[in-house]
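Side chains are part of it too, since the values below use all heavy atoms of this structure and drop only hydrogens, waters and symmetry mates.
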Amino acid sequence: MSIPSFEDIITPNDQTEARKASLEAIGALVGNVYPNKFVRSSVSGVEDTITALKHFEKVADIEARMAEIKASLGEGERPPAEKKDALNEELKALGTVSIAGRLTTPTRGNFVHLTDGMSKLQVYCNKKGPLALIKNDGDGTVDAENGWALWQLLDHGDLIGVEGYLFVTNTGEVSVHVERLQFLTKAMLPMPDKMHGIADPELQRRFRYADLIASTLQVEHDGLTTREVFERRAKLVSGLRRFLDDAGFIEVETPMLTPKATGAAAKPFETHHNALDIPLYARVAPELYLKRLVVGGFEKVYELNRNFRNEGLSQRHNPEFTMLEFYVAYMDVNGMMDLAETMIKDAVAKANDGSLVVKYGENEIDFGKFERISMKAAIEKYAPGVPVDDLNVIAAFDEHVEDKLTQPTFVIDYPKSISPLSKASPDDSSIAERFELFINGMEVANGFSELNDPKEQYERFVDQMSERERGDEEAMVLDEDYIRALSYGMPPAAGIGIGIDRLVMLLTNKHSIRDVILFPHMRPERRAADDPDQIA
RNA sequence: GGUCCGAUAGCUCAGUCGGUAGAGCAAGUGGCUUUUAACCACUGGGUCGCAGGUUCGAGUCCUGCUCGGAUCACCA
């Protein structure tokens, strides 16, 4: 196994060679081509990122007034000079702004947009000057002669800092008139296609950084940009956290590496701890740890983090996925459905601009109302005539019902036999007090009244172990310590696990889980040098 | 793992019946310099995923492989 050369990784071509030549020429002008910092101004009261400036009251006001002026004009007509000049006086009074960003277009003309990833701001350089460059010599030495020379050496995608004053152009766009230009970092690779971005889903996922750059460079796109997908994901996650924190929950972190992979029916990833010389398993669920904490007196507790399951990949399955699990003491399954519904509505509204309705493919999903239906009633409703008995109820449900549950639906009354951690219904001992939430045919959440009788839990584990011996690799493993914990007395409690990635898919109209995970698992890249077929 | 589809310039894509490898963007040179995705002119850029086969001749047809996507199976 040889160490790849730099050229193995960044294969030279006409594009990289041109950028390398540009970088050398820039170095001759500015010195260090990888300076350590650029101090942005704070005209807007906070550090002037491009986004902060765009949202700055004064700038927004000028833009609004210019929009009004433009609205009164005919097609192609330009704003009258005296009105423009008046706005420019106001902008100039703000003084010098210093902003930094990535060039969204080549510097062919005098105008180019800089982006901070979220917003764009136009900057203007005049060949006739005055246009200086700031050297990267640590002292900020100003070279009054070579600003334009530097400008001409810049490439699409380079990162620069500019100092100048704000003004509105003849066409009415707020821009920065650059007086001093500082080179910050070179983009050695060409930018993605400005019209289409990165179209190949493999490359989007493998080169997520470039896909994210494309989000802000791209001129047109259908639906949300990749950047917007992950902004929405962040809003959902923070919305869920805020809801739970405000409701008095405590957030905890329980082990990711566990001596037993249990708490869910799934195949684990196995690893080995050298010092202890024991096998460890990446957790398949935090469930049993969280309930130990309920025993310990954390009556409202949640964990929002990754689970790992060593199973096939699909549009809806990634080997690691994010789950929100929480438990509430003294609550039963019905209380949990109420709570989950309230929480999901709250978080969806926060992430979806206040609306509870989302478009998903051909469907419109309304988070405003959640149906509740028993598993058997659902089969009778969606697959009338299909015989239902305790043996085939799950198979019949999977086959005939699941994909018909488009609107948010709590399916209740699961067979106890497939719910080894949940309490039986007081009315029917073969039924578990359990629900699953389905939206668009996808299982989004799973919850139940938690079994807290240590003896019965032990027996359920023993049943699971005999399932394992019959070859069911996913049957749960007995956890002796959990039985001990329950023996201290766990209050009656309800718990739930919510698949965050799937919820994000619904909110972003994405049909593959890999589009809502920044770095989904892919087969490793193969270099030509590793490929025996390609070695001459 | 099965089936189907795909892989052509840095990016997005065309390539007809098997007959000299194409466009737009990006890049280079020169011009222009208050523009709103693409200003004007010229130029360079290809192991057509990899390997083999059929053929006088393969981007195109056949076989195998690699990678990806869709779908089924498996799986929450």
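A donor and an acceptor atom sit less than 3.5 Å apart, one in the side chain of A/Asp193 and one in the base of B/rG24. At a cut-off of 3.5 angstrom, the base of B/rG10 holds no donor-acceptor pair with the side chain of A/Asn13.
Between the C1' atoms of B/rC61 and B/rC17, the separation comes to 12 Å (whole Å). Taking atom P in both B/rC40 and B/rA51, the straight-line distance is 41 Å, to the nearest Å. Taking atom C1' in both B/rC13 and B/rA21, the straight-line distance is 14 Å, to the nearest Å. B/rA37 sits 13 Å from B/rA26 when the P atoms are compared, rounded to a whole Å.
Looking at heavy atoms from C-beta onward, A/Gln464 lies out of side-chain contact with A/Asp472 at the 4.5 angstrom threshold.
The side chain of A/Trp148 has B/rU33 as its nearest neighbour among B/rU33, B/rA27, B/rG44. Distances were taken from every side-chain heavy atom of A/Thr169 (C-beta onward) to each of B/rA26, B/rU34, B/rA70; the shortest belongs to B/rU34. Nearest to the side chain of A/Asp200, among B/rU12, B/rA38, B/rA27, sits B/rU12. When each of B/rU12, B/rA26, B/rC67 is scored by its nearest atom to the side-chain atoms of A/Arg206, the top-ranked nucleotide is B/rC67. Comparing B/rC67, B/rG44, B/rU12 by their nearest atom to the side chain of A/Asp14 picks out B/rG44. Closest contact between the side chain of A/Gln315 and the listed nucleotides B/rA70, B/rG10, B/rU34 involves B/rA70. Closest approach to the A/Tyr124 side chain among B/rU34, B/rU12, B/rC75 is made by B/rU34 (side chain taken as heavy atoms from C-beta onward). The nucleotide whose nearest atom lies closest to any side-chain atom of A/Gln15 is, among B/rU12, B/rC67, B/rG10, B/rG10.
Relative ring orientation between A/Tyr124 and A/Phe111 is described as tilted, the plane-to-plane angle lying within the 30° to 60° band. The aromatic rings of A/Tyr482 and A/Phe461 sit perpendicular, their planes meeting at an angle over 60°, well past the 30° parallel limit.
Within the 4.0 Å cut-off from OP1 or OP2 of B/rG69, at least one side-chain nitrogen or oxygen of A/Arg514 is found. Proximity of A/Arg205 to the phosphate of B/rG69: a side-chain N or O atom is located under 4.0 Å from OP1 or OP2. A/Lys194 has a side-chain polar atom (N or O) that falls below the 4.0 Å cut-off from OP1 or OP2 of B/rA26.
Note on A/Arg309: only backbone sugar-phosphate atoms sit closer than 4.0 angstrom, heavy atoms only; bases stay farther off.
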